[in-house]
Amino acid sequence: MNAADLTLFVNLADTGSFNKAAQLAGMSTPALSKRISKLEQDLGVQLIHRTTRRLSLTEAGESLYVHAKNIEGQVSDAIASVSAFSQGLTGTIKMSVPTISGELLLAEAIAEFCQKYPNITVDMRLENDFVDLVGEGLDLAIRTGKLEDSSLIAKPLIQSNWVVCCSPSYIERHGEVTNLEALKDHNCLAYTYQAQGSFDWRFTKQGVGKKTVEESVRISGSFATNNAQALRKAALAGFGIVYVPRCCVYEDLIKGALVAILPQYKPRQLGVYAIYPFTKYLPEKLRLLIEHIKQAYQEKKEYFKN
């Protein structure tokens, strides 16, 4: 038995298929089956229940998987710890980024990174869901909001401010909005991508002294969507008021196609983070990519901050 056999066993448990695990290891399915049988023989226990349709781990197999997975992680950390000393940076980085940032700046920034490091390939997915990085084999994700999974590491990139805005034509037809209560009488278009607060718009306001007071209002309207660009287009067309990340309407605000309202209230602010699975030693190529992405955000900081 050796470390390679343990890696094969972990791959088999992760994929749940001899065929898939064999493809991952670059060997034939019969060869993999023989290696696993030899591992069971060496250990003197059955590790896998085999049927024609599926396979599952025995109790002994579950125990070995936990320890073998840990060994595999230690090997990865050991390799990563010396990656900075390598003369060449190579390999593939699989990542997930939000659609707004992806279209605004990350597509160009990451293409520039790949040009700078021609032996590195980046596979970038644009999506807003909080994906399972480990389960889906992703190295990195860019996400906005709070980090709930303690097994992940989050590096702050920038603070993203939101804004309440509408078109000048909407104000002309429906009048000025002077306070939060007035929003109840307007067509407020909800951004349903958020985990909470889609229909409860939250703000802070300067109270007595230096204290800030949190306030919220329950809104309603004729249109709701999980896509910020769809809300932007509806607002530009004069259909209603939107509460969205400032970065997606920044250029419209500068041109006057949209106007910010309720300036006396401070809108929500969320952190943007680079998130990756826990590791003692961050691979050099990943560290360089995160730094490059952070710089790209900072170069467009006026899009995100008031």
Side-chain angles (χ1 to χ4, degrees), residues 95-110 124-131 141-148 154-167 170 177 180 183 186-204 214-217 219 221 223-237 239-263 265-275 293-306:
M95 65 182 300
S96 169
V97 306
T99 54
I100 295 175
S101 290
E103 294 170 355
L104 176 64
L105 60 91
L106 290 179
E108 182 178 354
I110 292 172
M124 183 178 75
R125 292 165 29 179
L126 270 69
E127 57 197 351
N128 292 321
D129 295 333
F130 279 82
V131 294
I142 308 300
R143 284 294 175 264
T144 302
K146 297 179 179 179
L147 178 66
E148 296 182 356
K155 296 288 187 182
L157 301 173
I158 200 168
Q159 288 291 318
S160 176
N161 287 348
W162 287 43
V163 64
V164 184
C165 60
C166 61
S167 69
Y170 180 87
V177 180
L180 294 191
L183 286 173
H186 286 268
N187 192 32
C188 297
L189 314 181
Y191 185 27
T192 57
Y193 160 61
Q194 309 163 70
Q196 57 183 0
S198 300
F199 296 92
D200 292 292
W201 290 2
R202 293 176 171 84
F203 304 84
T204 56
E214 293 188 359
E215 296 188 31
S216 67
V217 60
I219 58 93
F223 179 57
T225 177
N226 65 348
N227 185 281
Q229 282 300 317
L231 285 180
R232 169 182 170 267
K233 291 181 179 179
L236 286 169
F239 291 125
I241 299 171
V242 298
Y243 191 16
V244 293
R246 189 171 184 268
C247 61
C248 76
V249 294
Y250 170 79
E251 294 180 2
D252 303 311
L253 294 170
I254 294 298
K255 292 185 295 186
L258 293 175
V259 293
I261 63 175
L262 299 171
Y265 294 91
K266 183 179 179 180
R268 70 189 311 197
Q269 185 183 69
L270 296 174
V272 181
Y273 301 92
I275 300 172
I293 289 173
K294 183 173 184 176
Q295 181 62 34
Y297 273 106
Q298 293 302 318
E299 289 174 358
K300 281 189 177 289
K301 63 183 179 182
E302 69 274 13
Y303 280 69
F304 295 86
K305 299 180 178 181
N306 292 337

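For reference, positions follow the sequence shown, starting with 1.
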A.B. asks: Within the distance-only criterion (no hydrogens, no angle test), does the side chain of N161 pair as donor or acceptor with the backbone N or O of R246 below 3.5 angstrom?
C.D. replies: no
A.B. asks: Just wondering, do V242 and V164 contact through their side chains at under 4.5 Å, heavy atoms?
C.D. replies: no
A.B. asks: If you round to the nearest 0.5 Å, how far is CD of Q269 from OG1 of T144?
C.D. replies: 11.5 Å
A.B. asks: Working to the nearest 0.5 angstrom, can you tell me the gap between I219 CD1 and N187 CG?
C.D. replies: 9.0 Å
A.B. asks: With a cut-off of 3.5 Å and sequence neighbours excluded, list every side-chain donor-acceptor pair involving residues 251-263.
C.D. replies:
from	atom 1	to	atom 2	distance (Å)
E251	OE2	Y303	OH	2.7
D252	OD1	R232	NH2	3.2
D252	OD2	R232	NE	2.6

A.B. asks: On a heavy-atom basis, which atom in A230 and which in F223 lie closest, and how many Å separate them?
C.D. replies: O-CE2, 4.2 Å
A.B. asks: Does any N or O in the side chain of S198 come within less than 3.5 Å of the main-chain N or O of Y191, such that one atom is a donor and the other an acceptor?
C.D. replies: yes
A.B. asks: Under the side chain to side chain donor-acceptor pair (under 3.5 Å) rule, what do S96 and E127 come out as? Steps first, then yes or no, please.
C.D. replies: CA-CA 7 Å; S96 169; E127 57 197 351; 2.8 Å; yes
A.B. asks: With side-chain contact (heavy atoms from CB on, under 4.5 Å) as the test, would you mind laying out the steps for N128 and N226 before giving the verdict?
C.D. replies: CA-CA 9 Å; N128 292 321; N226 65 348; over 6 Å; no
A.B. asks: What closest approach, in Å, do S160 and V272 show between heavy atoms, and which atom pair accounts for it?
C.D. replies: CB-CG2, 3.9 Å
A.B. asks: If you count heavy atoms of other groups shown closer than 6.0 angstrom to CD of E108, is the number above 12?
C.D. replies: no
A.B. asks: Roughly how far apart are C248 SG and I100 CD1, rounded to 0.5 Å?
C.D. replies: 4.5 Å
A.B. asks: If we only count heavy atoms from C-beta on, is the I275 to K155 side-chain gap below 4.5 Å?
C.D. replies: no
A.B. asks: Once you round to the nearest 0.5 Å, how far does CZ of F203 lie from CD of E215?
C.D. replies: 9.5 Å
A.B. asks: Which is it for W201 and S216 under the side-chain contact (heavy atoms from CB on, under 4.5 Å) test, yes or no, and what are the steps along the way?
C.D. replies: CA-CA 5 Å; W201 290 2; S216 67; over 6 Å; no
A.B. asks: Applying side-chain contact (heavy atoms from CB on, under 4.5 Å) to L183 and I241, what does each step give before you reach the verdict?
C.D. replies: CA-CA 9 Å; L183 286 173; I241 299 171; 4.0 Å; yes
A.B. asks: Compute the ring centroids of Y243 and F199, then answer whether they are less than 6.0 Å apart.
C.D. replies: no
A.B. asks: Does T225 offer a backbone N or O that forms a donor-acceptor pair with the side chain of T192 under 3.5 Å?
C.D. replies: yes
A.B. asks: Within a reach of under 6.0 Å around CZ of F239, are more than 12 heavy atoms found that belong to other residues, nucleotides or ligands?
C.D. replies: no
A.B. asks: Nearest 0.5 Å, what's the CD-CG distance between Q298 and L157?
C.D. replies: 8.5 Å
A.B. asks: Could I get the full list of side-chain hydrogen bond (donor to acceptor under 3.5 Å, both in side chains) partners for S101, not counting sequence neighbours?
C.D. replies: Y297
A.B. asks: Before giving the answer on side-chain contact (heavy atoms from CB on, under 4.5 Å), spell out for R143 and Y273 the whole-Å C-alpha distance, their side-chain angles and the decisive distance to 0.1 Å.
C.D. replies: CA-CA 5 Å; R143 284 294 175 264; Y273 301 92; 5.7 Å; no
A.B. asks: What distance do I142 atom CD1 and M95 atom CE have between them, rounded to the nearest 0.5 Å?
C.D. replies: 4.5 Å
